[in-house]
**Q** 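To start, I am sharing the structure in question, which I have written as structure tokens.
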Amino acid sequence: MPELPEVETIKRTLKIVLANLTITDVTIFKPKLVNRPDFKEALVGCQISDQLTRRGKYLLLPLNKCASKSGDMTLAIHLRMTGCLVVIKENDQLPKYTHVLFYFDNPKIKLAFADMRQFGRLSLLTNAELQDLSGLKDLGPEPLEKNFNPTYLKNNLSSRRAKIKSLLLNQTLVAGLGNIYVDEALYLAQIHPERLGCDLTAPEVNNLYHAIITVLEQGIQNGGTSISDYVDAEGNAGNNQNMLQAYQRQNKPCYRCDEIITRIKVAGRSSHFCPRCQKIKNS
DNA sequence: AGGATGACCAGGACGC
DNA sequence: TGCGTCCTGGTCATCC
Ligand SMILES: [Zn+2]
């Protein structure tokens, strides 16, 4: 599932390949996945800015030279769980479940949006609409930037009585974490997923901060985690699934202590942890 | 307002 | 092989 490292990996490729290309045509196979009936008409003629970026799990493609009366727009893409953006070169085959296909002024390059479960969304937005996009406007800090730090985390957990797993999945606390990297971060920090935010000690919060940074940076370094058919923008699988220490390792021995990894539901999501390394109580 | 829960989406995995 | 059931998780709506 595309979380921060997967979206970041895609962004880095798209930034190199798509910057300054002009959209010449768009084929929409599944209209419900785009946000407006004139999606194609509004996009044709727009040039993709080299300021293409990521915010949380959103890919943001600012556009120049748009014909729209409301000025230049941004294409905001959320891949949800099974969405992929794949660059198609020359006669490359389209990925399975391709729902939207973009053509450019370079005829050798196309961009396919593919999504088995059709949860992802492509939203073409004016700057005003972008500022007001629910899910984007309330995002917490980027975990790999300086405004996310141990002090921020401590201040924002100290009053929270929800389970830490639930809090880390909440995009308004910190942006970009999903089920995989939350389980990995809690494992690395040796914190049980059902501990309450306000019950974490200062050293634990500090460890958690470093664990979040570590698992995300490792995920990016490894080109993302390929579970649920994730592939990057070049159609390649990542390698981070081979590095996971907790997620989907239920019934296997903990790499730290050999205890069997347990799987439970927390906040309605599968959660994997070591019952010996991640105790619910300090004792 | 914070927190818990369930719905939604659609296809894959699995059991029989 | 076919059919039914369960599973998956990011986000949002709803209720307390
Ligand atoms: Zn252990």
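Bear in mind the structure is a predicted one, so any value in this text is a computation, not a measurement. Throughout, a chain's letter reflects where its sequence line sits, starting with A, and its residues are numbered from 1.
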**Q** Think A:R160 has a side-chain N or O under 4.0 angstrom from the OP1 or OP2 of B:dG2?
**A**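 So the side-chain polar atoms of A:R160 never come under 4.0 Å of the phosphate oxygens OP1 or OP2 of B:dG2.
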
**Q** With pairs defined as Watson-Crick or G-U wobble and both distances under 3.5 angstrom, please note down DNA chain B as a dot-bracket string, | for pairing with another strand.
**A** .|||||||||||||||

**Q** Do A:R117 and C:dT11 share a donor-acceptor pair, side chain to base, under 3.5 Å?
**A**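 Checked by distance alone, the answer is no.
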
**Q** Considering only heavy atoms, which members of residues 167-185 of chain A lie under 4.0 Å from some atom of DNA chain C?
**A**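 Going residue by residue through residues 167-185 of chain A, the ones with a heavy atom under 4.0 Å of DNA chain C turn out to be A:L169, A:Q171, A:G178, A:N179.
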
**Q** Decide, yes or no, whether a salt bridge links A:K57 with A:E6 under the criterion of side-chain N to carboxylate O below 4.0 Å.
**A**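 Salt bridge: no.
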
**Q** Ignoring hydrogens and geometry, is there a side-chain-to-backbone donor-acceptor pair from A:E3 to A:I180 under 3.5 Å?
**A**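 Yes: the side chain of A:E3 pairs with the backbone of A:I180.
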
**Q** Just list the side-chain donor-acceptor pairs under 3.5 Å for residues 217-225 of chain A, sequence neighbours left out, or say none.
**A**
unit_1 : atom_1 : unit_2 : atom_2 : d
A:Q218 : NE2    : A:N240 : OD1    : 2.9
A:N222 : ND2    : A:Q218 : O      : 3.0
A:N222 : ND2    : A:N240 : OD1    : 2.9
A:T225 : OG1    : A:Y181 : OH     : 2.7
A:T225 : OG1    : A:N240 : ND2    : 3.0

**Q** Please report the distance, rounded to the nearest Å, between CD in A:Q118 and C1' in B:dG12.
**A**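 Whole-Å distance recorded here is 14 Å.
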
**Q** Rounding to a whole Å, what distance do you find between A:N156:CG and B:dA1:P?
**A**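 Checked: the CG to P distance equals 16 Å.
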
**Q** Between A:D25 and A:K40, is there a side-chain N and carboxylate O pair less than 4.0 Å apart?
**A**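 Result for this pair is yes, salt bridge flagged.
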
**Q** Closer than 4.0 angstrom, basic N to acidic O: yes or no for A:D232 and A:R12?
**A**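 Looking at A:D232 and A:R12, the cut-off is not met.
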
**Q** Can you pull every protein N or O that's under 3.5 Å from an N or O on nucleotides 12-16 of chain C?
**A**
unit_1 : atom_1 : unit_2 : atom_2 : d
C:dC12 : OP1    : A:S134 : O      : 3.4
C:dC12 : OP1    : A:S134 : OG     : 3.2

**Q** Under the side-chain hydrogen bond (donor to acceptor under 3.5 Å, both in side chains) rule, collect the residues that match up with A:K32, sequence neighbours excluded.
**A**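 In terms of side-chain hydrogen bond (donor to acceptor under 3.5 Å, both in side chains), with neighbours along the sequence ignored, A:K32 is linked to A:Q118.
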
**Q** Establish, with yes or no, whether the OP1 or OP2 oxygen of C:dG10 is under 4.0 angstrom from a side-chain nitrogen or oxygen of A:H78.
**A**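 For C:dG10, OP1/OP2 do not have a side-chain N/O of A:H78 under 4.0 Å.
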
**Q** Under 6.0 Å between ring centres, would you say that holds for A:F148 and A:Y209?
**A**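 Here the rings of A:Y209 and A:F148 have centres that are less than 6.0 Å from each other.
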
**Q** Base, sugar-phosphate or nothing for A:K32? Non-hydrogen atoms, less than 4.0 Å.
**A**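 Sugar-phosphate, no base atom in range.
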
**Q** Please identify each residue that fulfils ring pair (Phe, Tyr, Trp, His ring centres under 6.0 Å) with A:H78, with sequence neighbours left out.
**A**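 Listed in chain order: A:Y58.
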
**Q** Side-chain donor-acceptor pair under 3.5 Å between A:H272 and A:D183, yes or no?
**A**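 Judged by distance alone, the side chains do pair up.
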
**Q** Under 4.0 Å between a Lys/Arg side-chain N and an Asp/Glu carboxylate O for A:E204 and A:R195?
**A**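 Yes.
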
**Q** Considering just the side-chain nitrogens and oxygens of A:K96, establish if one lies under 4.0 Å of OP1 or OP2 belonging to B:dG11.
**A**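 Looking at the OP1 and OP2 atoms of B:dG11, neither is under 4.0 Å from any side-chain N or O of A:K96.
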
